[in-house]
Amino acid sequence: MDARTPDAGETKGRNGANATVDRLIARPSPWLDASGAHPAIVLSTRIRLARNLRAVPFTHRAREDELKQVIGSVERAATRASSFGGGAFLSLHDLGNVERTVLVERHLVSHELSDASRPRGLYVAPDERIAIMVNEEDHIRLQSLVSGLMLGEAWSLADQADDELDGSLEYAYHDEWGYLTACPTNAGTGLRASVLIHLSALVLTKQIDKVLKGITQMGLAVRGFYGEGTDVMGNLFQISNQTTLGLSEKETLESLERVTRQILSAEERARETLLRDAKTQIEDKVYRAYGTLRYGRTMSSQEVVNLCSAVRLGVALSLPELPPLATLNELLVLTQPAHLQRRLGKVMDPAERNVRRAELVRTILVRGGDGTGEGHRG
Amino acid sequence: MTCQICNKNPATVHFTEIQDNRSSELHVCQACAQEKGLAPQGGMQKFSFSQLLAGMVDDMATGEEEKVGPVQCPRCGLHYTSFKETGRLGCPDCYATFQAKLRPLLRRIHGSTRHTGKHPATESESVARTRQVQRLQDELQRAIDREDFERAAELRDLIHQSDAAESRQGRPAADRP
């Protein structure tokens, strides 16, 4: 696309950014390691804090040089902060399409940020548990991401990082309206707390619509696997708060925790019902899915996600001879199109990807790890 | 009456436009009037009064929101109509500019208009110093970008001085546990 010969600085930036992506992709995302509370049903917990610098217009109204200033300021502040110890800054501009999508697939950046037409960046700690999207809708989208239902821990990580950044940066803040954000739906705490939850039994027993309706009536939002505007796949739902003004962070987290635990109980009850009334049918569904993953020769990423959902249900029901949860979690991300292409080092059409994906799934399931042959913490 | 643009100074310049038997008013301070080219002593040609009031007339018709602010943010130039289209405000000052409109909107979205959560650290001495260093570093980068090396050297010295003061007085704020 870019016909210019890149100068030395640009080449250095690209090499550095690509090396960082290589380091990230060399191991599974830590938030997928199936640690934390209730990992069979709650895959992960995420906290996002929206912040803006007082002196600069919001991203969509700022000039390019102002956005570059924001990147510089945030990078310096993050480098100074112990929360991001040993972290790295990536300019989205320095990355190719595949690499940018890798970051989206790892839930490190949003689709909006991955559009590199304006100066945007990602500052990410080595363990990926804490990261900053720079110049997304807001200048700073600080996020923490941990495995399992761990709202308290995810909040502590984000809160501490936020305090550290606040020590260096002047946030846009108003006594009445709190942290000021580009969209008034985020003003106040700027907090979006969410859990990624697997509700397969509620879907199978056709109770999901009622549950989802209840969630929205509680003032919470439900989205798909990849966040806003994405479809639900593999019975994975993201549940998050909507309100950011008038509720403190503590109240917001408590409310999400309370509702999540209610949904968790409903899912567990539905699983017990399935096991009692339809054990053979459930076992058949689980092992057919596992058989397809284990021996299939071509499959789309959507199919992998759906098959993993069935196997995951089996693992949660303690059915024997199934892979560990962490392996199933890793499959969700490692088999996504950009991860697959980056791993194999070439751009492929969907048909070729489906064949290579099936190979990778087999390799991972046989080795019980991330397919690198380097073992797995299991 | 305070200025409808900055919401700070008293409004000393008053405009009234009568169109189709409807009167619209705008009350601003001298400084804002001059900045926006509204001052009576010239500069009127750039000013489209009806354009500025278009949204306000609409608002005034709604009764309760009579004290609606200007329809364009004095800092970033965002028009309220643009916000209505995109749902995004232009800068932190837009909140004050459009507050009369935003309050009911925020209440509709959140059920409240008052923040009760955490707030930035107050400017303790160490926080102020760290932010000052960051400001100097930001300015240094800008000076380097525009190849103003004389200014860059000055800024570098200032940063060194601040760092030295910091290490004399203990660890920087950002290193607090």
Side-chain angles (χ1 to χ4, degrees), chain A residues 49 51-62 65 68-70 72-73 76-77 79-82 137 159-160 162-191 219 242-252, chain B residues 73 75-78 82-83 86-96 98-99 101-124 126-142 144-146 172-177:
Chain A
L49 291 173
R51 302 286 186 255
N52 287 280
L53 303 191
R54 194 181 58 79
V56 182
F58 297 137
T59 305
H60 73 112
R61 295 284 291 181
D65 61 301
K68 285 181 178 164
Q69 272 175 41
V70 172
S73 301
R76 278 188 289 281
T79 308
R80 204 176 275 148
S82 63
E137 181 180 291
D159 185 35
Q160 189 197 328
D162 181 47
D163 286 348
E164 287 195 294
L165 294 178
D166 175 48
S168 303
L169 303 167
E170 272 178 87
Y171 286 155
Y173 180 85
H174 185 279
D175 282 339
E176 183 181 353
W177 305 307
Y179 293 95
L180 303 177
T181 53
C183 183
T185 52
N186 295 314
T189 56
L191 166 67
Q242 301 248 59
T243 302
T244 54
L245 198 57
L247 285 180
S248 69
E249 292 84 357
K250 188 163 174 277
E251 290 166 322
T252 302
Chain B
C73 174
R75 178 172 159 202
C76 73
L78 185 90
S82 168
F83 166 65
T86 65
R88 289 180 182 185
L89 293 160
C91 72
D93 288 11
C94 285
Y95 277 86
F98 303 128
Q99 58 175 308
K101 290 286 283 179
L102 283 176
R103 267 209 193 87
L105 183 68
L106 288 167
R107 182 168 285 115
R108 253 199 327 275
I109 299 170
H110 299 287
S112 168
T113 61
R114 184 153 284 282
H115 176 58
T116 56
K118 75 183 278 190
H119 51 79
T122 44
E123 287 250 347
S124 70
S126 58
V127 168
R129 199 165 47 232
T130 314
R131 284 182 181 160
Q132 170 66 13
V133 171
Q134 172 99 25
R135 267 195 294 271
L136 292 170
Q137 283 175 334
D138 292 349
E139 205 188 328
L140 173 64
Q141 190 55 52
R142 285 197 293 277
I144 292 169
D145 288 347
R146 62 172 191 272
D175 287 347
R176 284 174 305 186

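Just the heavy atoms: all of them, side chains too, but no hydrogens, waters or symmetry mates, feed the values below. All chains are named by letter (A, B, ...) in the order of the sequence lines, taking the proteins before the strands, and each is independently numbered beginning at 1.
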*Sub-3.5 Å donor-acceptor pair from the side chain of A:N52 to the main-chain atoms of A:L180, do we have one?*
yes

_Reported NE2-to-SG distance for the pair A:H60 and A:C183, which is rounded to 0.5 angstrom_ = 9.5 Å

*Which bit of B:R107 comes within less than 4.5 Å of chain A, counting heavy atoms only: side chain, backbone, both or neither?*
neither

*With chain A, which of B:L89, B:L106, B:T86, B:L105 has the greatest number of heavy-atom pairs at distances under 4.5 Å?*
B:L89

*Between CG of B:D145 and CG of B:L140, what distance do you get to the nearest 0.5 Å?*
9.5 Å

*Nearest-0.5 Å distance that lies between atom CG in A:N186 and atom CD in A:Q242*: 10.5 Å

*Contact winner vs chain B - A:S73, A:G72, A:P57, heavy-atom pairs under 4.5 Å*: A:S73

*Checking heavy atoms, do the side chain of A:T181, its backbone, both or neither come under 4.5 Å from chain B?*
both

*Check whether A:L165 gets within reach of chain B through its side chain, its backbone, both or neither, counting any heavy atom under 4.5 Å.*
neither

*asked:* With a 4.5 angstrom heavy-atom cut-off, is it the side chain or the backbone of A:D65 that approaches chain B, or both, or neither?
replied: neither

*asked:* Counting only non-hydrogen atoms closer than 4.5 Å, does A:A55 touch chain B with its backbone (N, CA, C, O), its side chain (CB onward), both, or neither?
replied: backbone

*asked:* Given heavy-atom pairs under 4.5 angstrom as the criterion, report whether the side chain, backbone, both or neither of B:L78 touches chain A.
replied: both

*So among B:Q99, B:R103, B:H115, which one has a side-chain hydrogen bond (donor to acceptor under 3.5 Å, both in side chains) with A:E176?*
B:R103

*Given that the side chain runs from C-beta out, which part of A:L191 has a heavy atom under 4.5 Å from chain B: side chain, backbone, both or neither?*
neither

*For the pair A:D163 and B:K118, find out whether any cationic side-chain nitrogen is under 4.0 Å from an anionic carboxylate oxygen.*
yes

